[in-house]
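In what follows, every chain begins at residue 1, and chains take the letters A, B, ... in the order their sequences are listed.
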Protein chains: 2
Amino acid sequence: MYHSKETVIGPTAEICERIWLSIAEKRLRPGARLKEEQLAEIFDVSRARVRQALAVLESDGLVTIVPNRGAFVAEPGVDEARDVFHVRKQIEARVMERLVDRITDDQVPQLEAHLAQEREADQRGDTSATIRLSGGFHLLLAELAGSSFLFGILRDLISRSSLITAIYRSQHLHNCGPDEHAALIERIRSRDKTGATRIMLDHLQHVEDELDLTEEIPTSRDLRHALV
Amino acid sequence: MYHSKETVIGPTAEICERIWLSIAEKRLRPGARLKEEQLAEIFDVSRARVRQALAVLESDGLVTIVPNRGAFVAEPGVDEARDVFHVRKQIEARVMERLVDRITDDQVPQLEAHLAQEREADQRGDTSATIRLSGGFHLLLAELAGSSFLFGILRDLISRSSLITAIYRSQHLHNCGPDEHAALIERIRSRDKTGATRIMLDHLQHVEDELDLTEEIPTSRDLRHALV
DNA sequence: ATCAACAATATTGTATACATTTTTGTAGTC
DNA sequence: GACTACAAAAATGTATACAATATTGTTGAT
């Protein structure tokens with residue numbers, strides 16, 4: 001999907017992948033209940049494997065497990081939201097530095113091809129594909145940067161970003177505009193390290209600016225504070 | 001242990017914690033077999049929970065699961081090793097920047113107290129405690145930097161560093177010298193951001209320099225190449 | 001009608017048994 | 001004696017049943 005290397009992964013990782021995708025595409029809302037039996041039937045796997053997947057997702061911060069209550073899609077608070085965007089800027093800046101150093105001329109078309117997909121999905125109004133491809137662009141950058149570690153970290157950050165934007169978006173949100181991605185490709189092509197990094201940081205700031213991180217939004221489960 | 005916040009964690013996370021610690025302290029060698037039933041008996045939990053913990057550790061890259069074969073402590077290759085140290089430098093540099101900006105005067109004694117523990121463990125020759133405290137110092141820095149995300153990333157990086165040093169150390173390795181930690185504290189106290197960052201980078205470089213990352217070491221399971 | 005106590009239901013958590021697969025040990029043949 | 005084929009053992013993977021717990025619904029008293 002995003003990176004062709006790890007097409008062969010374990011069965012647990014595949015369940016995680018599908019739930020992760022649903023969260024990243026905002027088909028699963030923050031706070032949504034994740035019943036084990038239901039997931040087992042949907043994915044046609046044993047309940048034990050669903051529990052393994054949920055444990056992994058919990059350690060990734062995407063899911064909250066309450067003992068004897070069940071699993072829910074996580075609802076990050078404002079502090080965590082700011083943290084995620086702060087770290088994401090740092091990580092993606094490092095990705096850009098590495099990428100400009102390492103990318104070869106024959107890899108640039110990969111970025112352009114991805115961008116074309118983004119534009120196409122955007123034009124035909126496929127929001128699900130738009131969100132997936134938009135995050136996929138950033139992951140592709142990390143993949144081409146050649147650090148599987150940065151890739152893994154960014155993977156986490158992007159999925160959490162999706163959760164955060166789902167909760168705190170103040171109005172309409174076009175997750176990542178393809179235009180800024182295009183500008184990014186130009187700087188990468190010309191090996192402009194500082195320029196590429198700056199555009200990336202601006203790009204992420206734009207996304208963050210569309211959020212309303214001023215007030216804490218009460219979580220689904222802890223709705224005491226929502227009503228008093 | 002390292003950070004007082006998450007003292008109350010789930011039962012799966014507790015199993016992960018104990019296995020992680022054993023790996024970080026090098027009581028579990030790379031490639032070591034991890035039998036489910038054995039772990040279940042040791043930790044006095046169900047085998048299902050052990051499987052959950054192993055799934056989490058696999059997603060963290062600390063454990064390799066081979067279908068129908070079992071779980072083994074991971075054996076990172078040289079590429080991954082270089083990647084880990086590269087990213088770790090980036091991450092810990094960011095930690096230092098944040099830390100110098102955010103740390104308060106009354107938090108510096110925490111660092112000194114930790115350093116005192118390191119020195120004491122070092123003097124009495126307690127290698128297990130030395131390794132734990134040495135990594136704990138870096139985690140404490142991340143905690144005081146106030147980003148739970150950076151903390152989590154560094155947690156991963158440190159445990160993988162332990163695996164890597166266990167495999168690729170060329171000779172004697174004093175994981176992290178307390179002296180360099182002391183120098184670090186000085187720079188932090190004087191709010192010398194660039195100085196603190198440089199010392200940290202040098203510090204990590206010293207650790208990496210003690211490794212022999214020139215040749216690939218054959219893994220335990222794939223020992224074909226080790227013998228032909 | 002409201003509230004408390006209690007029963008019913010649903011879901012999670014765990015133990016058990018069993019199928020599948022891999023590894024190891026053994027017997028048999030050349 | 002070495003190699004192959006087969007059998008036994010061990011460990012993983014999974015399905016099932018059951019226990020523990022939380023939620024929901026109901027009944028009954030004031």
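For B:Glu58 and D:dT12, the CD to P distance is 14 Å, given to the nearest whole Å. Rounded to an integer number of Å, the gap from CZ of A:Arg33 to P of C:dT12 is 5 Å. Atom CG in A:Asn68 sits about 5 Å away from atom C1' in D:dT21, given to the nearest Å. Rounded to whole Å, atom C1' of D:dT14 lies 12 Å from atom CZ of A:Arg47. Remark: P of D:dA10 and CZ of B:Arg69 are 17 Å apart, rounded to the nearest angstrom. Atom CD in B:Glu36 sits about 11 Å away from atom P in D:dT14, given to the nearest Å. Computed from coordinates, the B:Gln38 CD to D:dA10 C1' distance equals 13 Å when rounded to whole Å. The nearest whole Å value for the distance from the CD atom in B:Glu41 to the P atom in D:dA11 is 12 Å.
A donor-acceptor pair under 3.5 Å is formed between the side chain of A:Gln107 and the backbone N or O of A:Thr104. At distances below 3.5 Å, at least one donor-acceptor pair connects side-chain atoms of B:Arg82 with backbone N or O atoms of B:Leu213.
Side-chain N/O atoms of A:Ser128 and A:Lys26 include no donor and acceptor closer than 3.5 Å.
At the phosphate of C:dG13, OP1 or OP2 sits under 4.0 Å from a side-chain N or O atom of A:Arg51.
Nearest-nucleotide mapping onto DNA chain D: of A:Gln52 and A:Pro67, the residue sitting toward the 5' end is A:Gln52.
Ring orientation note: the planes of B:His181 and B:His203 are nearly perpendicular, at an angle over 60° on the 30°/60° scale.
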